[in-house]
Amino acid sequence: MEGRYIPENIEGKWQKKWEEQGTFRHYGRERKFYVLDMFPYPSGAGLHVGHPKGYIATDVVARMKQLQGYSVLHPMGWDAFGLPTEQYAIKTKTHPKVTTEENIATFKRQLGSLGFTYDWDREINTTDPEYYKWTQWMFLEMWKKGLAFESYEPILWCPSCQTGLAKEDLEGDACERCGTIVEKKPMRQWVLRITDYADRLLEGLDSLDWPESVKESQRNWIGRSEGAVIRFYIPHPKSQSPNKSQNTDSKPQTEEGCIEVFTTRVDTLYGCTYVVVAPEHPFVQQRRSDIKNQKEVETYISETARKTEMERTAEGREKTGVRLDGIMAINPINGEEVPVFVADYVLGDYGTGAVMAVPAHDVRDFAFAKKYNLPVRTVVSGLGDVPFTDDGVLADSADFSGLDSEQAREKIATRLEADGLGKKVVKYKLRDWVFSRQRYWGEPIPLVHCEKCGVVPVPENELPVLLPDVASYEPTGTGESPLAGIDEWVNTSCPSCGGKAKRETNTMPQWAGSSWYYLRYIDSKNKESFVGKELEKKWMPVDVYVGGAEHATRHLIYARFWHKFLLDIGAVSTDEPFKKLINVGLILASDGRKMSKRWGNVVNPDDMVGDFGADAMRLYEMFMGPFNQNISWNTDGVVGTRRFLEKVSVLDRKADTGAKDAEGKIRTLLHKTIVKVTDDIDSFRFNTAVSTLMILVNALEKEPVLSLPQYSIFLKLLSPFAPHIAEELWEGLGNTESIFLSSWPEADPDFLVEDTVKIVVSVNGKVRDTFEISSDATEDDLKAKALGSEKIAKFLDGMAPKRIVVVPGKLVNIVV
RNA sequence: GCCGCGGUGGUGGAAUUGGUAGACACAGGAGACUUAAAAUCUCCCGGCUGAAAAGUCAUGCGGGUUCGAUUCCCGCCUGCGGCACCA
């Protein structure tokens with residue numbers, strides 16, 4: 001058929017031209033815009049249609065911003081270290097490097113077919129030694145600042161992946177990757193002191209233009225609680241005098257002779273009827289000899305140790321515990337003696353690992369007290385059942401009685417502080433970042449263990465410490481990485497004293513490389529530093545960052561932490577890396593499940609591009625619904641956007657050099673479309689931008705001719721979404737330079753005003769009639785016209801209107 | 001339990017400083033063109049009543065505020081996500 005739209009004839013052609021002519025590499029302009037996708041893990045399965053959704057969106061934004069005159073940075077790269085590739089290596093004996101290269105080639109081809117504007121000169125790959133050299137350098141900077149440290153605390157261990165994990169790598173009590181229930185395993189590991197940044201990570205959230213849900217997730221994850229550490233003195237059985245002066249330096253940790261508890265409810269201190277320590281708490285060991293039922297207590301503790309975290313913390317589980325006979329704690333506010341229990345409902349790794357129990361005002365303490373028949377003493381009154389856990393007014397609390405909870409917390413804490421028996425503190429749920437993995441396919445940690453000098457950093461000029469080839473990629477299972485088996489690599493000399501030394505054999509987690517990659521794109525070829533200062537200042541922060549919501553508490557916390565560290569050492573100029581964050585919703589399979597080989601419901605973008613063209617596929621993914629929402633795929637929808645493009649492809653027959661600009665309704669529509677499409681792209685409402693373009697095309701179709709300037713406006717508005725066809729039609733108009741080097745249309749305010757408006761007439765709020773009237777009609781005109789309507793007269797039925805509400809330009813409501 | 005975000009036709013969805021609910025699209029139906037099919041074009045397309053004109057109900061449920069509520073307020077139901085024996 002004549003003039004038929006055949007995507008394959010034009011898409012490859014323009015993709016090649018854009019690349020060859022550097023159409024999207026205009027970096028010298030005055031204003032900058034950095035638009036970034038979360039870079040993918042190049043898996044062996046290739047892309048399914050869900051992956052490009054976010055990339056299409058950033059491409060639309062990048063193209064519009066370029067047309068608006070910005071220098072646009074829009075890069076792409078590969079987060080290529082990690083377990084899937086390593087597991088594939090174990091299975092097939094293929095070097096992960098090889099697999100990674102192959103996978104990247106597939107991904108690049110697939111992305112290329114969709115016509116993205118990525119600047120491939122800036123491509124990065126976290127497994128490239130030229131890249132991970134800087135990841136190692138940053139790790140050493142952290143080490144130098146004391147932010148990376150060796151720890152021997154028991155950590156989370158996945159018995160299937162055979163590696164240590166960070167708390168962020170869990171889903172409930174299972175390994176996020178393989179679903180195996182994790183264990184606690186004592187072993188040496190490297191840890192980053194992310195908790196030092198807890199407060200800044202929390203505060204920084206307020207300044208960010210991020211989805212509320214992500215900010216909320218991060219707030220929950222950081223888990224800040226304001227409270228106090230309170231010291232309960234534990235007299236030895238025969239020496240009964242608490243010596244307060246000894247205890248003035250009350251650090252929030254346990255010392256022999258006392259138990260320090262953490263509470264957010266200092267105001268309930270008078271209601272404390274017992275104290276509980278976690279089974280892991282050192283107190284039991286320290287005061288072993290004073291505990292009369294030592295055997296019973298130790299049995300309880302060892303039973304607890306056998307339970308998994310999940311068993312221990314399951315909600316609704318009956319509380320258990322054992323009283324420490326012969327031990328009494330002294331409540332520092334009133335000198336009262338209360339019993340001490342060990343119970344597993346108190347967690348060893350939060351707060352101080354010990355709590356003051358106030359059964360009247362805490363549900364857990366209440367449940368425990370009921371079971372073991374402990375006294376319940378109400379000291380805060382308010383409306384509600386026991387346990388009453390809200391704030392209220394204090395009672396039976398000596399001279400604090402009558403105060404409200406908030407005042408009381410302040411005053412009691414101040415009193416305790418003055419007496420050296422307590423201290424206001426802030427606690428976090430955030431844990432330090434367990435940073436070592438016992439696996440092969442990761443960045444080697446650039447440290448050396450010297451017999452004489454201890455831990456010594458590899459000198460900067462010797463970076464990167466290359467990941468050596470190994471015979472077997474299998475984890476050793478001994479808690480050491482496969483690197484430990486390569487003697488010639490492990491054995492080295494100490495950079496400091498030259499003596500015998502061994503290399504650190506742990507590798508970094510997958511999240512290391514992704515914590516700073518957005519900085520490397522800015523200056524990807526720089527050999528002197530990971531990013532040049534001037535360029536960093538020019539491009540940072542990232543203006544829009546697009547990616548999945550699943551990264552809320554991992555990548556996005558790690559990267560913010562990492563960035564703040566880089567700020568502290570003067571390596572970057574901004575305190576937050578990502579100014580605006582947008583979550584991309586998943587594309588589910590048509591059966592509503594996630595697309596997965598396992599379900600056989602995967603739709604391949606190659607097929608869509610082949611059947612309908614890249615532009616139709618791009619339009620559909622933008623049109624299918626709100627960008628951040630999960631929506632099921634429906635190939636029929638691509639048929640729809642393809643039909644739309646068919647209509648577009650014949651519009652140019654109406655474009656006529658001799659035609660004058662249209663006026664009236666069609667001109668108003670065109671200019672309103674400019675406003676709507678521009679606003680919608682800026683705010684990621686692509687679905688309504690596309691529907692607005694469809695409305696415009698439906699109208700343009702009915703016009704006998706289109707003027708060149710007006711038709712060009714339409715092409716420009718279409719171009720971010722369907723760049724190939726827009727470019728082709730643009731060229732057809734005789735333009736010799738890319739449409740993307742022209743300029744984004746601006747609406748003329750004069751043309752946005754309609755000559756006539758449609759007025760709705762309602763009676764008692766129900767629409768009964770409508771009429772057209774000149775836009776500058778007065779309120780009285782509207783009223784008169786409305787009352788003159790026959791239909792309205794019928795509804796008024798002779799009754800006189802009680803009131804007439806007129807909204808100029810919109811409606812007349814008659815109340816009877 | 002706490003916190004965040006949602007609930008609109010057969011389907012995806014649109015509309016909020018309160019002002020015609022269902023834009024746009026998909027699916028479906030009827031028709032035109034065609035030897036036929038595809039493609040394309042035209043019309044219909046929330047429920048109920050009605051031949052139609054029209055009326056009436058309807059945005060998870062129940063109340064309220066208002067001339068007017070998908071939009072604001074109160075109380076529920078429900079889906080998704082985060083945190084969770086965190087003191």
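Naming: A, B, ... by sequence-line order, numbering from 1 per chain.
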Take atom [atom1] of [X] and atom [atom2] of [N], then tell me their distance rounded to the nearest Å.
X: A:Ile222; N: B:G82; atom1: CD1; atom2: P; value: 17 Å
X: A:Leu619; N: B:C24; atom1: CG; atom2: C1'; value: 13 Å
X: A:Leu700; N: B:C24; atom1: CG; atom2: P; value: 15 Å
X: A:Tyr5; N: B:A39; atom1: OH; atom2: P; value: 18 Å
X: A:Asp390; N: B:G1; atom1: CG; atom2: P; value: 14 Å
X: A:Asp636; N: B:U11; atom1: CG; atom2: P; value: 15 Å
X: A:Glu646; N: B:U40; atom1: CD; atom2: P; value: 7 Å

Checking all strands, does [X] fall into the base, sugar-phosphate, or nothing category for heavy-atom contacts under 4.0 angstrom?
X: A:Arg219; answer: nothing
X: A:Lys802; answer: nothing
X: A:Val355; answer: base
X: A:Gly637; answer: nothing
X: A:Val346; answer: base
X: A:Lys429; answer: base
X: A:Leu811; answer: base

Where at least one partner belongs to [range], residue pairs that pass salt bridge (Lys or Arg N to Asp or Glu O under 4.0 Å), sequence neighbours excluded:
range: residues 615-630 of chain A; value: A:Asp59-A:Arg618
range: residues 267-277 of chain A; value: A:Arg265-A:Asp267, A:Asp267-A:Arg409
range: residues 757-770 of chain A; value: A:Asp769-A:Lys791

| query | What parts of residues 670-691 of chain A reach RNA chain B, counting only heavy atoms under 4.0 Å away? | reply | A:Asn687, A:Thr688, A:Ser691
| By a strict heavy-atom criterion of less than 4.0 Å, which residues belonging to residues 623-633 of chain A are in contact with RNA chain B? | A:Phe623, A:Met624, A:Pro626, A:Gln629, A:Ile631
| said: At under 4.0 Å between heavy atoms, how does the protein contact nucleotides 54-60 of chain B? Give one character per nucleotide, 5' to 3', with B, S or -. | reply: -SSS---
Please list, chain by chain and in numerical order, all residues satisfying salt bridge (Lys or Arg N to Asp or Glu O under 4.0 Å) with [X], sequence neighbours excluded.
X: A:Arg377; answer: A:Glu336
X: A:Glu226; answer: A:Arg224
X: A:Asp780; answer: none

Rounded [atom1] spacing from [N] to [M] in Å:
N: B:U71; M: B:G18; atom1: P; answer: 11 Å
N: B:G10; M: B:G6; atom1: P; answer: 24 Å
N: B:U35; M: B:A30; atom1: C1'; answer: 22 Å
N: B:A52; M: B:C61; atom1: C1'; answer: 36 Å
N: B:C73; M: B:C80; atom1: C1'; answer: 25 Å
N: B:C45; M: B:A39; atom1: C1'; answer: 23 Å
N: B:C85; M: B:U16; atom1: C1'; answer: 42 Å
N: B:C41; M: B:U56; atom1: C1'; answer: 36 Å

| Secondary-structure stems for RNA chain B, with pairs counted as Watson-Crick or G-U when both distances are under 3.5 Å and runs at least 3 long | B:1-7 with B:77-83, B:10-12 with B:24-26, B:28-32 with B:40-44, B:46-49 with B:54-57, B:60-64 with B:72-76
Is there a side-chain contact between [X] and the phosphate of [N], meaning an N or O under 4.0 Å from OP1 or OP2?
X: A:Ser213; N: B:C3; answer: no
X: A:Tyr345; N: B:A87; answer: no
X: A:Arg643; N: B:A27; answer: yes
X: A:Asn698; N: B:A25; answer: yes
X: A:Arg265; N: B:A87; answer: no

| field | Non-hydrogen side-chain atoms of A:Phe623 and A:Phe721 separated by less than 4.5 Å | value | no
| Within-4.5 Å side-chain heavy-atom neighbours: A:Ile773 and A:Val757 | yes
| field | Ring centre gap for A:Phe368 and A:Tyr274 strictly below 6.0 Å | value | yes
Nucleotide nearest [X] when distance is taken to its side chain, options [options]:
X: A:Glu701; options: B:A84, B:C41, B:G19; value: B:C41
X: A:Ile695; options: B:U20, B:G19, B:C24; value: B:C24
X: A:Asn813; options: B:C67, B:A87, B:G4; value: B:C67
X: A:Asn634; options: B:A87, B:G19, B:C26; value: B:C26
X: A:Lys319; options: B:A23, B:C85, B:U20; value: B:C85
X: A:Phe262; options: B:U20, B:G82, B:A87; value: B:A87

| field | Partner residues of A:Asp365 under the side chain to side chain donor-acceptor pair (under 3.5 Å) criterion, sequence neighbours left out | value | A:Tyr345
| task | Using the test side chain to side chain donor-acceptor pair (under 3.5 Å), find all partners of A:Lys424 that sit at least two apart in sequence or belong to another chain. | result | A:Glu410
| query | Are any side-chain N or O atoms of A:Trp221 and backbone N or O atoms of A:Ala552, one a donor and one an acceptor, separated by less than 3.5 Å? | reply | no
| query | Does any N or O in the side chain of A:Arg431 come within less than 3.5 Å of the main-chain N or O of A:Tyr428, such that one atom is a donor and the other an acceptor? | reply | yes
| message | I'd like to know whether A:Lys647 forms a side chain to side chain donor-acceptor pair (under 3.5 Å) with A:Asn698, so could you lay out the CA-CA distance, the side-chain angles of the two residues, the decisive distance to 0.1 Å, and finally the verdict. | response | CA-CA 9 Å; A:Lys647 285 196 219 173; A:Asn698 290 344; 3.0 Å; yes
| Do A:Ser217 and A:Asn220 meet the criterion of a side-chain donor-acceptor pair at a distance under 3.5 Å? | no
| task | Answer with yes or no whether the side chains of A:Trp511 and A:Asp169 bring together a donor and an acceptor at under 3.5 Å. | result | yes
| query | More than 12 heavy atoms of other residues, nucleotides or ligands under 6.0 Å from NZ of A:Lys654: is that the case? | reply | yes
| Mapping A:Gly223 and A:Gln218 to their closest nucleotides on RNA chain B, which lands nearer the 5' end? | A:Gln218
| field | For B:G9, glycosidic torsion class - syn if within 90° of 0, otherwise anti | value | syn
